[in-house]
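Fair warning: this is a prediction, and the values are worked out from it, not measured in the lab.
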Amino acid sequence: MSQRYLGGWIQAGLFNPLAAPTPSAYTYELWSWGRNTNGQLGLGNVTNYSSPKQVGALTTWSNIACGGYYTLATKTDGTLWSWGSNNGGQLGLGNVTIYSSPVQVGSLTTWSNITAGTLHTIATKTDGTLWSWGDNTNGQLGLGNVTNYSSPKQVGSLTTWSKISAGGYHTIATKTDGTLWSWGVNSYGQLGLGNVTIYSSPKQVGTLTTWSKISAGVFHTIATKTDGTLWSWGYNAQGQLGLGNITNRSSPVQVGALTTWSNIACGDYYTIATKTDGTLWSWGRNAQGQLGLGNVTYYSSPKQVGSLTTWLKITAGGYHTIATKTDGTLWSWGYNGQGQLGLGNITNRSSPVQVGSLTTWLNIAGGDSFSIALKY
């Protein structure tokens with residue numbers, strides 16, 4: 001469960017990040033599939049679907065994020081929308097009512113990045129401020145207390161927040177100066193602070209100013225630095241840290257010595273990553289085939305998924321993985337008990353399988369047994 005955002009552009013089968021259009025230059029449809037017991041698909045019902053279904057007819061969707069059983073999305077006008085489970089107030093609507101269709105969160109038009117955890121939500125605005133709401137039992141909202149909030153609350157007064165990622169019950173964030181911060185539950189050291197103490201306010205992880213991308217799983221955290229190195233910490237019983245063992249770590253530890261890591265995504269107890277050469281790698285829990293390696297064997301070190309060099313975006317749900325390639329195609333694998341792979345069935349897959357034949361998929365997000373995607 002991690003931050004999802006528009007980035008790059010697919011044109012004539014080539015990925016050119018420098019040619020990315022502004023959000024208003026193209027229209028983006030919203031699609032969903034999989035488990036829908038809490039209306040998290042946004043389709044106005046609680047019916048599971050094993051194939052992608054369009055959410056309404058709007059073509060103005062921008063960023064997307066999936067939580068445990070709920071969904072967040074922004075539109076190109078900067079408004080924020082939410083739907084699905086709401087028992088902790090994670091929809092930000094001032095109540096704990098479940099909604100099966102998108103509902104606007106307030107009236108502001110300045111929402112930027114969004115990320116959803118199991119029961120809590122973190123977001124930034126265009127002014128660089130940080131906001132949170134939902135379940136706060138472990139201080140994961142960063143507000144200095146353990147009180148749940150059903151409406152957005154500002155975290156401090158800083159205007160320098162950059163990337164954000166909500167894990168199961170903890171939160172990771174970077175600032176514009178490249179520093180790394182964390183807060184929330186810390187029973188396995190997932191905050192990276194060298195201890196297992198719970199913190200209800202943001203704490204800086206070390207003193208480095210070179211942190212780049214971040215992703216928080218249920219109990220583990222993965223990050224890259226600006227030099228392309230990969231780092232991990234937290235719970236490691238399934239080898240999800242990629243360190244060749246199953247030892248928990250409470251401080252960041254480098255994964256190997258490579259400097260070519262690119263995108264990263266944490267599932268519940270596993271990790272997916274791409275390198276700058278377009279290859280795909282995975283490690284950790286694999287009981288449902290979520291590593292895409294053609295088996296159900298656990299691995300505690302990164303293993304390459306096939307030999308292709310055309311992987312672009314990746315996202316990890318609870319026990320399933322969704323990815324796009326540079327040609328705009330959509331692929332999925334892993335657990336499929338609720339149809340979250342979008343393949344028209346509920347059969348698990350241990351290797352990547354193409355979802356339909358479209359080549360217009362742009363952005364993806366995975367929740368607990370459901371998936372959300374944008375296409376143009």
Quick check: do [X] and [Y] have side-chain heavy atoms less than 4.5 Å from each other?
X: T74; Y: T79; answer: no
X: S82; Y: L72; answer: yes
X: V305; Y: L293; answer: yes
X: I222; Y: S232; answer: yes
X: K75; Y: W81; answer: yes
X: K375; Y: L358; answer: yes
X: L30; Y: L58; answer: no
X: L230; Y: Q254; answer: no

Check [X] against [Y] and note the closest heavy-atom contact, atom names and distance.
X: W283; Y: G239; result: CD1-O, 3.4 Å
X: P202; Y: G142; result: CD-O, 3.5 Å
X: V355; Y: L341; result: CG2-O, 3.4 Å
X: S62; Y: N363; result: O-ND2, 4.3 Å
X: A123; Y: I164; result: CA-CD1, 3.7 Å
X: S251; Y: G194; result: OG-CA, 3.3 Å

Tell me whether the NZ or CZ atom of K203 lies within the 45° cone about the ring axis of W183 and under 6.0 Å from its centre. no
Only one of N38, N87, D368 passes side-chain hydrogen bond (donor to acceptor under 3.5 Å, both in side chains) with Y69, and that residue is D368
Positive for side-chain hydrogen bond (donor to acceptor under 3.5 Å, both in side chains) with H170, one of N138, N186, T221: T221
Keeping the roles fixed (side chain from [X], backbone from [Y]), state whether a donor-acceptor pair exists under 3.5 Å.
X: N336; Y: N345; value: yes
X: T71; Y: C66; value: no
X: E29; Y: L374; value: no
X: S371; Y: Q340; value: yes
X: N36; Y: N45; value: yes
X: T271; Y: Q240; value: yes
X: S132; Y: L141; value: yes

Could you check, using the six-membered ring where one of them is a Trp, whether Y188 and F219 have ring centers closer than 6.0 angstrom? yes
Would you tell me whether [X] and [Y] have side-chain atoms, one donor and one acceptor, within less than 3.5 Å of each other?
X: T121; Y: Y70; result: yes
X: T321; Y: Y270; result: yes
X: Q140; Y: D135; result: yes

Verify side chain to side chain contact (heavy atoms under 4.5 Å, CB included) between N195 and S250, making sure each step is shown before the conclusion. CA-CA 6 Å; N195 57 44; S250 62; 5.9 Å; no
For I98, does the CD1 atom have more than 12 heavy-atom neighbours from other residues, nucleotides or ligands under 6.0 Å away? yes
Hey, can you tell me if W83 and W61 have their rings parallel, tilted or perpendicular (30° and 60° cut-offs)? perpendicular
Go through it in stages, so that I can follow the logic: the residues are L312 and K325, the test is side chain to side chain contact (heavy atoms under 4.5 Å, CB included), and I'd like the CA-CA distance, side-chain angles, deciding distance and then a yes or no. CA-CA 5 Å; L312 182 57; K325 292 183 180 177; 5.7 Å; no
Walk me through it: do K313 and N263 pass the test side-chain hydrogen bond (donor to acceptor under 3.5 Å, both in side chains)? CA-CA 7 Å; K313 298 210 177 151; N263 295 325; over 6 Å; no
According to a hydrophobic-cluster definition based on side-chain heavy atoms being under 4.5 Å apart (Ile, Leu, Val, Met, Phe, Trp, Tyr only), do [X] and [Y] belong together?
X: V196; Y: V218; result: no
X: V353; Y: W361; result: yes
X: F370; Y: V46; result: no

Show your reasoning for whether side-chain hydrogen bond (donor to acceptor under 3.5 Å, both in side chains) applies to S282 and Y299. CA-CA 8 Å; S282 63; Y299 294 93; over 6 Å; no
